[in-house]
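These notes are about the structure you will find just below.
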Amino acid sequence: MSAELNRLQTTRSGFFVIENDAFDFFSHRLGFMAWAVYTALCRFAGSRYTCNPSVATIARRLGVSRQTVHIALNRLEEYRVIRREHRFR
């Protein structure tokens, strides 16, 4: 899966930044788990605001199930916070 992120400012060495507007607008609307998945995606994003972590990687990093990540990704896509492109091996 590849995700294109909206509202991500930049990634720099050692940390990443999420715009205040994204936090203010989306954090309470999305719910805790979708926001946690969004921040994980931001962590993996490069300078073109795209990332390719597997669902298993996100689940492992957050300590949740893959199903929970799928639900959160669907919510993020529903709110148009991300756009997914499915990649097949």
Side-chain angles (χ1 to χ4, degrees):
M1 178 205 59
S2 175
E4 181 177 316
L5 305 172
N6 295 323
R7 313 297 288 172
L8 174 70
Q9 187 175 356
T10 186
T11 302
R12 297 182 186 155
S13 178
F15 66 94
F16 64 97
V17 176
I18 299 174
E19 291 184 9
N20 289 336
D21 289 344
F23 179 81
D24 294 342
F25 184 78
F26 289 116
S27 62
H28 69 281
R29 286 174 175 82
L30 293 173
F32 174 76
M33 189 50 57
W35 183 253
V37 169
Y38 176 72
T39 60
L41 292 172
C42 291
R43 167 64 180 87
F44 288 110
S47 61
R48 294 184 176 187
Y49 309 122
T50 62
C51 57
N52 301 315
S54 68
V55 170
T57 297
I58 296 169
R60 187 174 57 254
R61 293 279 182 104
L62 295 177
V64 298
S65 71
R66 290 173 47 199
Q67 180 181 5
T68 299
V69 173
H70 279 292
I71 291 167
L73 289 169
N74 289 338
R75 189 159 177 92
L76 290 166
E77 197 166 37
E78 175 186 327
Y79 275 83
R80 292 187 168 90
V81 177
I82 65 168
R83 183 175 54 86
R84 289 190 278 185
E85 294 177 8
H86 297 279
R87 295 182 175 200
F88 301 97
R89 294 183 189 177

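Quick caveat, the model's predicted, so the values are computed rather than measured. Numbers for residues simply follow the sequence, beginning at 1.
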Does Y79 have any ring pair (Phe, Tyr, Trp, His ring centres under 6.0 Å) partners at least two apart in sequence or in another chain, and if so, which?
none

Not counting sequence neighbours, which residues clear side-chain contact (heavy atoms from CB on, under 4.5 Å) with [X]? List them please.
X: R60; result: T57
X: A34; result: L30, A72, R75, L76
X: E78; result: none
X: F23; result: S27, W35

Hey, what do you get for CG (N52) to CG (L41), rounding to the nearest 0.5 Å?
10.5 Å

d(T39 OG1, I18 CD1) to nearest 0.5 Å is 5.5 Å

Flag side-chain contact, heavy atom, 4.5 Å: I71 against M33:
no

Counting heavy atoms not belonging to R66, are there more than 12 under 6.0 Å from its CZ?
no

Could you work out, with side chain to side chain donor-acceptor pair (under 3.5 Å) as the rule, every residue matching S65, not counting sequence neighbours?
T68

Assess the residue pair N74 and R84 against the criterion (side chain to side chain contact (heavy atoms under 4.5 Å, CB included)); give the C-alpha distance rounded to whole Å, side-chain angles, the decisive distance to 0.1 Å, and a yes or no.
CA-CA 9 Å; N74 289 338; R84 289 190 278 185; 2.5 Å; yes

